[in-house]
Amino acid sequence: MTKVGFEALYSKLNKRQKEAVDQIDGPVMVVAGPGTGKTQILAARIANILKETDTNPGQILCLTYTDAGVVAMRDRLIQFIGPLAYRVNIHTFHSLCNEIIQFNSSYFGYKNLQPASDLDTEKILREIIDELPNDSPLKRFKGDIYYEASDLKNLFDILKKEHFEIEVLKEQAERFFKDKEDSGDFVYKVNGKNFKKGDIKHKDYKEERLKIDRLKASLDLFGVFNQKMAERRLYDFSDMILWVLKAFKEDKDFLLNYQERYLYFLVDEFQDTNGSQLELVNYLAEYWDIPNLFVVGDEDQSIYRFQGANVKNIDLFRTQYQQHLSTTVLTDNYRSAQPILDASRALISLNTERIATIDKVLFSKHPEFSKVTDLPVIRSYTNPIQETVAVGNAIKALHKQGVPYKEMAVLYRNHKHVEDIIKYFNTSDIPYNSKRKVNILTELFVKKLMTMLKYISAELNKPYSGEAYIFEILNYDFYDIAPLDLAKISVEIKNKRGTKWRDFLSEESGGQQDMFANQAGHGSKVEIKRLASDLEYWIKEANNVTVPQLIERLIAKGGVLSYVMQADSKRWQMQMLRTFFDFVKEEAARKPDLTLQEFIETVELYQSSEIPIEAMQVLHVPDSVNLMTLHGSKGLEFEHVFIIRSIDSEWIKKRGNNRDFGLGKILNSAAEESDIEEVRRLMYVGMTRAKKGLYMSYYKKDLKEKEVNKLQFIAELEEKAGLKEEHGIVSDEDILDFEMHYYQYEATPEFELLDHDYLDVLLEKYTLSATHLNTYLKCPVTFYFNHVLRVPSAKSESASFGTAIHAALEELFKNYSENKVMPSVADVIGYFDYSMYLNRDSFTEQGYKRHKEHGKQTLTKYYEKYRSEWEQESVYVIEKNMAHIELGGVPIKGKLDKIVFDGNDAYVIDFKTGNFETAVKKCKPPKDEPKEGHYEETYGGDYWRQMVFYHLLIDNFTEKSWQMKRGEMNFVEPDKHDNFHKEVFTISHEDVAVVKQQIKDTYLKIKAHEFEKGCGEDNCHWCNFVKFYLKKEVHITETLPGSGVDEEEGMS
DNA sequence: TGAAGACCCATTTTT
DNA sequence: TGGGTCTTCA
């Protein structure tokens, strides 16, 4: 190892760099353009201080924003001063604050403060919202959650990002609104148009008011939130600088402790929330009349405003220390060719959010690239596929010329922009590095583990309650069991009524019986035995060990680990496994007596709250092309840089999106220009990553042939930097070749059915019902698994809730017709509670409480609304079973909730739980010219069909000569405005004819075993099952969309 | 012409 | 969920 020392490295600095380093006293600001060596300056400055003064290294505090920055800083410093570098305090702002909090936690009033997880925060917010008064706009009952998810997100964002502003701005905001309203020039933005108070409609005005009200409510929440966090000895990362600042303000001794500790402060750029980092540094430095402060930064590269970074910080700093400040501008660029620097400067000069007096004209000083004269390239392509293929081809060509892959990068605005490129790289074997965060909870692999845990937990709590999971687990590729054998077993089990999967499996593993010796393949049998004994082992172990231990055994004992070791993407699978296990351990550390059930509920809470558990998916291939977002590229450099998908609408988002209507957005509703400047800086950062070759591209028409606008910065570059756009052309052959691979992914799932003779036997006595008909029309694959193989399925919370409501109503009417006395509300709620109790195992503890409360309220309102109506009805039947009915050779059956009679005239009533708004489209008949693939328009809505089906049942019911006059869907739950709804159906001849035909067609198709083609919907449980589990290979980024449990409609 | 309905789409990232 | 945009209907 060559020994490097200060002198040697110092001599390599240029004049301006030396200037910045040499002045060792007083505040210094270094404005450094890209590629000018910021880290080197920081390191050299520290080295110089140590050389020129008798300062102890421990008295120097160097602050940066990221951990990566700390590492880079330390490495650089080692080159200058060797091991001494370890004695210099290099911190991130956060780690410094963390240290202060930990060290002084008693000052903050709490011992053993812990950082809060996102879930803690979520839980606290839920609690707060639960405590809000019922008329609060934040608390609206929606389904089974007591708040609007988007509100929660907004709150969360406000709390996280803006809580500095809040205290100050709360008052400001209110004054702002009041003044504006009073003066009449409050400009409301509604549907993208501006309105003044005079010409705004009442409705729009109200919407705007609502936003303000919500905002105010959320501001009030903030105080409560902080208090609750403190009670639990938790702190949010975004909280902690606030806490420390407060401590500095209040306690001068506390401050003194830190001021005496450090003599020099060096800051690597402020990336903070509205000046808090600057404020923190000021507090530390205020001890000295002329502080030894050294700050480096580039206002043109400030691209993290969304996370708090503010261009104004650097300006603020300058004005603050004006008097003694010496400013150095670094203009010697050691990275890029001159044409790249010129072009990027031409672009960034258009920004106004810059330090007015400093115009950084950069000069290329790179020994090799400064000689390069090639201009940056702008290319347009006809469509995105052309662009993808062209970029891929260009990369291949460069590699052929000897450019290593790792010296090339593809930069883009959003992650989704790179998906095509990845497909292209995969098909043409170009190695690439892509670093992105993946939520492991949505990954197939983790979902499989979770299902196994759910099975174990269910069986542990109540034997046989996990039946619904077994079929799925048996199909996992952790074990080598043939799907067809499983299908057969499934049917056999169903035929032997009362037999449970678990019993069957343990018999198999015990080897006492050989049920399927002749049918199932021998290989499958061995594997089934293995899995069966594993499952029993885990269930037994679950009683004796902690959750992390159980999961450890799940991984080690079963097929999981060996599967991972053999998988193509070992590294990624292991990474997921590790992240998942770390998470388990963390949860267990938080709550030492964690039960499996609790752990599962926690994970489900993460999922429902959309809080990710992230693993960094790093495909580390040594020499490979770098794919990253423009944000991710900050601080890096590559010989050749491709900036793709330069489309205006993709880069510059329209403001006022629904994700947050935080203070910033409302107060700056006119600040669109600064948005554009931020994105222009992003482009600038991207461009200045290139050393030698810079290629920017866009496409003219999207895949729907719609014209798109190119990025305005491209036009600016043409105008201001004199770059010429060229049209890129790709050969048809290349395009075709790529498209072939591209569409391969879209293939519909297919799988192997049981043999036809066997299916015939199964379907011999098949009778069609309305529910079955609906299921088949929607998705034959689901029909096959649910109604032919009859795989046990778990009942969802909402389905069980529906059952309980139905049971309560049934009991009500039964009692009334038998005793002629209307049961009281309390009675009805009693019936409901009893049914809930019977079904309590399909609820979580909280869900059970919530649904019970919701049911109580709903039934009370419903009862009050309809009681008098019910008392008018004299003759009716409840839960009428209609079987052995034949319709043109098709056996049909059904169970009707309630039929009210007037002589032979029958009025059919069906009770529906669930959201009225979403049910409306289910009540519509088919259209004459349906849109391709549109379910309701093609076949009509499920509820409509159900009613027509009932009509057919009654018409063909030979025992009685009833006539169905009317059908009615009665919605038990009111809509948002608390109105109850009935959907009344008068069934026409045409309706009857249509459904008759559907029944016949469907019956024939069932008899002909047409089950292979599913609906292919993203959230279809069984289509996903076929797609992901019956196919025995796993793609790295493949995730399983939708949840494992399907939504039940509660149709009876 | 305006209202109502259907449909599509939901950054960037650090601690 | 909820806004913007495009389509359909009165």
Side-chain angles (χ1 to χ4, degrees), chain A residues 63-70 91-99 101 115-118 121 138 140 142-143 145 147-154 157 160-161 189-193 201 203-204 207 210-211 214 235-242 244 268-273 276-277 302-309 411-418 435-437 610 612 614 616 628-635 645 647 649-661 675 678-679 681-683 685-686 702 704 706 915 917-918 920-921 924 927 929-931 933-934 936-937 976:
Chain A
L63 291 164
T64 86
Y65 185 58
T66 62
D67 282 335
V70 175
H91 270 295
T92 62
F93 281 98
H94 281 94
S95 66
L96 175 73
C97 287
N98 208 11
E99 190 194 70
I101 288 176
S117 73
D118 283 351
T121 319
L138 290 160
R140 267 193 256 137
K142 191 197 131 264
I145 1 178
Y147 57 85
E148 284 187 5
S150 61
D151 281 339
L152 194 70
K153 261 203 149 106
N154 292 331
D157 284 351
K160 274 201 124 157
K161 289 188 203 155
K189 262 202 143 106
V190 180
N191 295 336
K193 282 177 226 152
K201 285 180 204 140
K203 195 178 130 208
D204 299 330
E207 275 173 25
L210 183 68
K211 281 188 187 177
R214 286 191 197 188
Y235 63 85
D236 196 313
F237 274 116
S238 52
D239 256 345
M240 67 192 204
I241 300 186
L242 178 73
V244 170
D268 174 10
E269 211 162 25
F270 292 108
Q271 292 265 334
D272 74 311
T273 313
S276 64
Q277 287 175 8
S302 168
I303 52 172
Y304 284 103
R305 191 173 53 183
F306 66 88
Q307 93 190 9
L411 308 182
Y412 39 88
R413 177 69 235 273
N414 299 347
H415 282 296
K416 67 172 187 199
H417 294 149
V418 81
K435 216 169 76 171
R436 69 182 296 180
K437 273 186 185 154
E610 290 177 39
E614 281 164 340
M616 192 58 90
M628 59 181 74
T629 62
L630 287 148
H631 285 92
S633 72
K634 198 184 171 191
R645 303 286 195 258
I647 303 298
S649 58
E650 295 288 330
W651 285 51
I652 302 163
K653 289 286 163 203
K654 281 171 222 110
R655 55 174 40 257
N657 62 8
N658 53 347
R659 294 179 79 82
D660 57 354
F661 38 79
D675 274 4
E678 169 109 358
V679 188
R681 286 194 288 272
L682 196 58
M683 185 73 174
V685 167
D702 67 14
K704 289 175 197 154
K706 216 181 104 184
N915 193 318
E917 282 87 353
T918 56
V920 173
K921 63 169 187 276
K924 292 188 172 160
K927 289 196 174 176
E929 284 171 29
K931 263 179 227 154
H934 192 293
E936 268 90 12
E937 290 187 4
K976 298 191 212 175

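If you're wondering where the values come from, they're calculated on a predicted model, not measured in any experiment. The chains referred to below are lettered A, B, ... by the order of the sequence lines, with proteins before strands, and numbering in each begins at 1.
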- prompt: Just by distance, do the side chain of His631(A) and the backbone of Ile303(A) share a donor-acceptor pair under 3.5 Å?
  reply: yes
task: Work out which heavy atom in Trp651(A) is nearest to a heavy atom in Arg413(A); give both atom names and the distance.
output: O-NH1, 2.9 Å
- prompt: Distance check: side-chain N/O of Thr92(A) vs OP1/OP2 of dT14(B), anything under 4.0 Å?
  reply: no
- request: Using atom CG of Asn414(A) as one end and atom P of dT12(B) as the other, report the distance to the nearest whole Å.
  value: 5 Å
task: Starting from P on dT15(B), measure out to CG on Asp268(A) and report it in whole angstrom.
output: 13 Å
task: Tell whether Tyr65(A) reaches the base of dT14(B) with its side chain through a donor-acceptor pair below 3.5 angstrom.
output: yes
query: Atom CZ of Arg645(A) to atom P of dT11(B): distance rounded to whole Å?
result: 17 Å
task: Look at the side chain of Thr629(A) and decide which nucleotide, out of dT12(B), dC7(B), dT15(B), has an atom nearest to it.
output: dT12(B)
Gap between atoms CD and C1', on Glu650(A) and dT11(B) respectively (whole Å): 10 Å
task: Describe the nucleic acid contact of Asp67(A) in one word from base, sugar-phosphate, nothing, applying a heavy-atom distance below 4.0 Å.
output: sugar-phosphate
message: Any side-chain N or O of His415(A) below 4.0 angstrom from OP1/OP2 of dT13(B)?
response: yes
- prompt: Tell me: NE2 of His94(A) to C1' of dT13(B), nearest whole Å?
  reply: 12 Å
Interatomic distance, Glu269(A) atom CD to Ser302(A) atom OG [nearest 0.5 angstrom]: 7.5 Å
field: Lys924(A) side-chain N/O to dA6(B) phosphate OP1/OP2 under 4.0 Å
entry: yes
- prompt: Which nucleotide in the set dA10(B), dT12(B), dC7(B) lies at the smallest distance from any side-chain heavy atom of Lys416(A)?
  reply: dA10(B)
message: Which heavy atom of Gly686(A) sits nearest to which heavy atom of Leu630(A), and what is that distance?
response: CA-CD2, 3.6 Å
field: Minimum heavy-atom distance between His91(A) and Ser95(A), given as atom pair plus value
entry: ND1-OG, 2.9 Å
- line: In whole angstroms, the gap separating P of dT15(B) from OH of Tyr304(A) amounts to 10 Å
message: Output the rounded distance in Å from CZ (Arg681(A)) to P (dT11(B)).
response: 21 Å
Spacing of Glu678(A) atom CD relative to dT11(B) atom C1', expressed in whole Å: 11 Å
Side-chain N,O (Lys921(A)) to OP1/OP2 (dG5(B)) below 4.0 Å: no
